[in-house]
Amino acid sequence: MREEAALLQWYIDAGVDEAIEDSPRNYFASIQAEPQLPASMPAPKTPASVEFKQASTPAALPLHHSLAAAIAEARKLADAADSLQALEKAVREFEGCAIKRTATNTVFCDGNPASRFMLIGEAPGAQEDAQGIPFCGPSGQLLDKMLAAIGHNRTNSYITNTLFWRPPGNRQPNPEELAICQPFVQKHIALVDPVLLVLVGGTAAKAILGTEQGITRLRGKNYTYRTPYSDKEYPVAIVYHPSYLLRQPAQKRATWQDLLAIKSLLSSFER
Ligand code: URA
C-alpha cells in the first residue's frame, strides 16, 4: 500500500493530475520503434487507473532529439508562415514541443487580430486546454473584467500565449518550451502588427522582453519590443497576471493604474 501511495505521489509530482482512460496507453511504444533510441528502453509501469492525458495528435509522433533541432524547425515554419492562418496551421501541425503530447488542444488565439490590441499570457490552463481557447477559465474571467474596465472585449482585442499547449499539472513553462515556441510568438506579433502589445504576467514579460527582472519591477513602465520579423518597434505594457490578482487582490489597485495607462496609450495612438 505504501508503494502505491508513493507511486501516486510520484505521478502528482510529475504533473499527472487527471485519470483519462480506464486502461493505460503506452506512449513509449512508438518511441521504442524509432531507430535512434536504445531498443532496451523500458516501458513505464502505469497502474490502470492513472494515465497521462490522451494526446490529440497521432500516437507515432516524430521525436526531437535535440532542443536545437526543435527550435530550428519552429524557426523554419515561422519564417514560412505569411499569414495568421498559415502560422496557426504551422503551430497546430508542429510536433517539436513535448507538452503537446499531454495536451488535449492546441490553444492558438482568441479575439480580433484586426483590433491590433494584442495581449500575450503565459500558457493554457486546464479549461483552456479543454476548450482550445486562451483565457477561458477563472483567470480569463478576470482578464475580461480588466479589459471591460478600459472599454475592451474579445471583439476589439486579440489574445494569445507564449506557449500553445498546457504544461502538465499547470506547472510553469520551462525555458526550453519557451525557446521552442519563441519563433512562432515572434512571427505572431509581426503578423498582428499591434498598436500596443500587453504582456500579461511575469512569464510572458520575461520571455518576450528577454529579462530576468520580476513583474513587480517591470510593470508600470513603458517598453518597446522588436521581433526579427518586422522593422517596427512595438510599444509594450506589462500587467500582473489575473491568476496572481485572484490570489493577491490587494494588487488590483496597482493594476487599475496600469489599465488606465494602457487606455491612455491606446487613445494616444488613435489620435
Ligand atoms: N493563463 C494564461 O496565461 N493563459 C491562459 O490562456 C490561461 C491562463
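Note that these values count all heavy atoms, side chains included, but never hydrogens, waters or copies made by symmetry. Indexing begins at 1, ligand by ligand and atom by atom, following the structure's order. Computed from a predicted structure; not experimentally measured.
Of the N or O atoms in Gly121, none lie within a sub-3.5 Å distance of an N or O in ligand 1. Of the polar atoms of Ala123, at least one N or O is found under 3.5 Å from an N or O of ligand 1, judged by distance alone.
Checking each of Leu119, Val200, Asp144 against Phe135 for a side chain to side chain contact (heavy atoms under 4.5 Å, CB included) leaves exactly one that passes, namely Val200.
Taking every non-hydrogen atom of Pro134 and a distance limit under 4.0 Å, the qualifying atoms of ligand 1 come out as 6 (O). Atom numbering of ligand 1 starts at 1 in the shown order; those under 4.0 Å from a heavy atom of Glu122 are 2 (C), 3 (O). Within ligand 1, the atoms closer than 4.0 Å to a non-hydrogen atom of His241 are 1 (N), 2 (C), 3 (O), numbered from 1 in the order shown.
Within the 4.0 Å heavy-atom criterion, the part of Glu128 lying near ligand 1 is the side chain and not the backbone. Here Ala204 has no heavy atoms under 4.0 Å from ligand 1, in either its backbone or its side chain. Residue-level proximity to ligand 1 for Ser139 is carried by the side chain, the only part with a heavy atom below 4.0 angstrom.
For Arg116, the salt bridge (Lys or Arg N to Asp or Glu O under 4.0 Å) test picks out Asp193, with sequence neighbours left out.
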Cut-off 3.5 Å, no hydrogens considered: what does the side-chain donor-acceptor table look like for residues 203-211, sequence neighbours left out?
unit_1	atom_1	unit_2	atom_2	d
Thr203	OG1	Glu122	OE1	3.1
Thr203	OG1	Gln172	NE2	3.4
Thr211	OG1	Gln213	N	2.9

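Not a single heavy atom of Gln127 sits less than 4.0 Å from an atom of ligand 1.
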Report task. Kindly determine whether Ile99 and Leu163 satisfy side-chain contact (heavy atoms from CB on, under 4.5 Å), including the steps that lead there. Result -> CA-CA 10 Å; Ile99 50 173; Leu163 292 189; 3.7 Å; yes
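Looking at atom 4 (N) of ligand 1, its nearest protein heavy atom turns out to be Asn161 OD1, 2.8 Å.
Val107 and Val192 are assigned to two separate hydrophobic clusters, defined by single-linkage of ILVMFWY side chains at heavy-atom distances under 4.5 Å.
A 6.0 Å sphere centred on NZ of Lys221 holds more than 12 heavy atoms belonging to other residues, nucleotides or ligands.
Side-chain contact between His188 and Phe108 is present, with heavy atoms from C-beta onward closer than 4.5 Å.
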